[in-house]
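Each chain gets a letter, A, B and so on, in the order the sequences are listed, and its residues count up from 1.
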Amino acid sequence: MIRGYAESDSPGPALLVHRQMLAAAVPPDTHTYPFLLKACAKLMALREGEKVHSLSVKNGLETCVFVQNTLVHFYASCGLFECAYKVFEGMDERNLVTWNSIINGFAINGRPNEALTLFREMSPEDSGVKPDGFTIVSLLCACAEIGALALGRRAHLYLVKVGLYGNVHVENALIDLYAKCGSIKEAYRVFNEMASKTVVSWTSLIVGLAVNGFGKEALELFSAMERERLVPTEITLVGVLYACSHCGLVDEGFKYFNRMKNEYNIVPKIEHYGCMVDLLGRAGLVEQAHDYVMNMPLEPNAVVWRTLLGACAMHKRLDLGNVAWARLVVLDPGHSGDYVLLSNLYAAVGRWGEVHRLRRSMLKGGVRKMPGHSLVELGNRVHEFVMGDRSHSWSDEIYKMLEEIANKLRLEGYVPRTTNVLADIEEEEKETALNYHSERLAIAFALLNSAPGVPIRIVKNLRVCADCHLVTKLISKVYDREIVVRDRSRFHHFRDGSCSCKDYW
DNA sequence: ATAGGGTTAG
């Protein structure tokens, strides 16, 4: 019974059956807990799972490798990777599933480096197990997260060698890896070489194209998918709507939205409505975007209001920006990104007094701007840079390089755009603050340490500011370098002084 | 009979 429910789409009753089992004093065996924990993992039922954990200890079944493996999986899927690791650490016997569960646990919980470290520890000599398709998918997922393209390529070579090329899950993960590393060409190659594609393969590439700024291609690919008579999922449609909004295709976006409902019977989720708000707002139809938010059938969440606030900042609509802000301070107070957006809006309309007032209220409320950090992979290492950081061993050279860059750009007629600096500091200091934004440190370091002609790839945790965007465009021209920046919201492919986002991000 | 994988708006 428990197994039946655990493996179904609605595993809830598995927990009820377990309670009846306890009431009837039926002794559990080593099969009971794995199924129960599987149900708890699906339901994200943390409390219930912890209870199962202590029951397994009480019944002396916690040394069973099956129970422990599901415990690792359960904790990881609830986001408690420390608990997962504690179970993993305490295990006397580990098998391939154990390793895969813990590596995947770190990979899906935003701990790519731990995932990679564990993968290295998993060598057959140490653990007696050999990575399989599951392991590789988690590994590729971790590489994708930190934009470790070279490492991902090595994993690609490796998995071809061990005969995993042809495993559709692995190939889908490769498409996602290359797309998330900004290398659409390689993503396409994997896609084209696939013997049998699933909807996920198509969706991964459509989303990948869209976020990389190739909206038209994403829509073409969607048409090709329809011609193959494949049925898109709600995720496919997110990609399609995203492509429309980032290309300014308002009418097209509405057409797809309606087709999603009528042709594919997909009930739009908050994500889809969010895309529609972005579609209108980005295109400058801020009033309509606001009406859309007010009339949507789902309760608008913080992300939706944030999208509207972003549109207001983009198009200098202080009135509606205040409306969005009023909702955001209720729905998601203390979100530093919202302060940044509002401050940029105030600055854009010249309300400097308000900028300072906001800054003070941030300080008073203890709202800290999230520190920007950027990653860049060179050779076998991923280097991390934090804004203004001087702890890197190459620090002196990097700052010298930044000076050189600044001088060269000034000759190109560059003037820093300081309006978006969220700080009550003097103009000259603002320039300095900008000059040390983390992506600039990363770019300078990469210019110093890579051969001409090799594209530089940066992964940033925040969105790039207008000034860094301009500077990166100029660097791409002055240093004749392709620079790919993946920021919080999308990709920027800088080449010869311009960006694939067409300054629309 | 028992455990693990891919794509999601700003």
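- Set against B/dT7, B/dA1, B/dG5, the side chain of A/D29 has B/dA1 as its closest nucleotide.
- The main-chain N or O of A/A179 is found under 3.5 Å from a side-chain atom of A/N212 such that the two form a donor-acceptor pair.
- Formation of a donor-acceptor pair under 3.5 Å by the A/K42 side chain with backbone atoms of A/D9 is not found in this model.
- Between A/E89 and A/K86 there is no salt bridge, since none of the side-chain N atoms of the basic residue sits less than 4.0 Å from a carboxylate O of the acidic one.
- The pair A/R189-A/E193 fails the salt-bridge criterion, with no side-chain N (NZ, NE, NH1 or NH2) lying under 4.0 Å from an Asp/Glu carboxylate O.
- Residues from residues 209-241 of chain A that place a heavy atom under 4.0 Å from any atom of DNA chain B, listed by number: A/I235, A/V238.
- Across all strands shown, A/T203 has heavy atoms under 4.0 Å from base atoms, whether or not it also approaches the sugar-phosphate.
- Among the atoms of the strands shown, only primed sugar atoms or phosphate atoms (P, OP1, OP2) are found under 4.0 Å from some heavy atom of A/T70.
- Computed from coordinates, the A/I2 CD1 to B/dT2 C1' distance equals 12 Å when rounded to whole Å.
- Listed by chain and number, the residues in a salt bridge (Lys or Arg N to Asp or Glu O under 4.0 Å) with A/R282 are A/D278 (sequence neighbours excluded).
- At a threshold of 4.0 angstrom between heavy atoms, the contacts of A/N301 include nucleobase atoms, whether or not backbone atoms are also involved.
- A/F66 comes within 4.0 angstrom of a base, heavy atoms only.
- Among the atoms of the strands shown, base atoms are found under 4.0 Å from some heavy atom of A/G133.
- Taking atom OH of residue A/Y273 and atom C1' of nucleotide B/dT8, one finds them 16 Å apart after rounding to whole Å.
- In this structure, A/K38 places its NZ atom 13 Å from C1' of B/dG5, rounding to the nearest Å.
- Among the nucleotides B/dG10, B/dT2, B/dG5, the one closest to any side-chain atom of A/R282 is B/dG10.
- Rounded to whole Å, the distance from NE2 on A/H53 to P on B/dA3 is 18 Å.
- At a non-hydrogen distance threshold of 4.0 Å, A/I270, A/E271 from residues 260-271 of chain A come into contact with DNA chain B.
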Worksheet item: Stepwise, does the side chain to side chain donor-acceptor pair (under 3.5 Å) test hold for A/T233 with A/T236?
Response: CA-CA 5 Å; A/T233 67; A/T236 321; 3.1 Å; yes
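- A/D487 has its CG atom 13 Å from the P atom of B/dA9, to the nearest Å.
- Computed from coordinates, the A/F74 CZ to B/dA3 P distance equals 16 Å when rounded to whole Å.
- Nearest nucleotide to the A/D176 side chain, out of B/dA9, B/dT7, B/dG5: B/dT7.
- Relative to the side chain of A/N95, the nucleotides B/dA9, B/dA3, B/dT7 differ in distance, and B/dA3 lies closest.
- Among the heavy atoms of the strands lying under 4.0 Å from A/H169 is at least one base atom, whether or not backbone atoms are also near.
- The base of B/dA1 lies close enough to the side chain of A/H31 for a donor and an acceptor atom to sit less than 3.5 Å apart.
- Using a distance-only test at 3.5 Å, with no hydrogens or angles considered, no donor-acceptor pair links the side chain of A/D176 to the main chain of A/S204.
- Judged by the 6.0 Å distance and 45° axis criteria, A/K197 is positioned over the aromatic ring of A/F191.
- Listed by chain and residue number, A/E48 satisfy the salt bridge (Lys or Arg N to Asp or Glu O under 4.0 Å) test with A/R19 (two or more places apart in sequence, or in another chain).
- Closest to the side chain of A/V207, from the set B/dT8, B/dG5, B/dA3, is B/dT8.
- For the pair A/F491 CZ and B/dG10 P, the computed distance is 13 Å after rounding to whole Å.
- Not counting sequence neighbours, A/E220 has no partner by the salt bridge (Lys or Arg N to Asp or Glu O under 4.0 Å) test.
- In terms of phosphate contacts, A/H246 brings a side-chain nitrogen or oxygen within less than 4.0 Å of OP1 or OP2 of B/dG10.
- Within the 3.5 Å criterion, the main-chain N or O of A/G12 finds no donor-acceptor partner in the side chain of A/S10.
- Side-chain N or O atoms of A/R488 include one that pairs as donor or acceptor with a backbone N or O of A/N461 at under 3.5 Å.
- Backbone-only engagement by A/R463 is indicated by non-hydrogen atom pairs under 4.0 Å involving sugar-phosphate atoms exclusively.
- Contact check of residues 177-191 of chain A against DNA chain B (heavy atom, cut-off under 4.0 Å) returns A/K180.
- Salt bridge A/E145/A/K180: absent, no basic N to carboxylate O contact under 4.0 Å.
- Note: CE (A/M296) to C1' (B/dG10) measures 13 Å, nearest angstrom.
- Within 4.0 Å (heavy atoms only), A/S245 reaches no atom of the nucleic acid at all.
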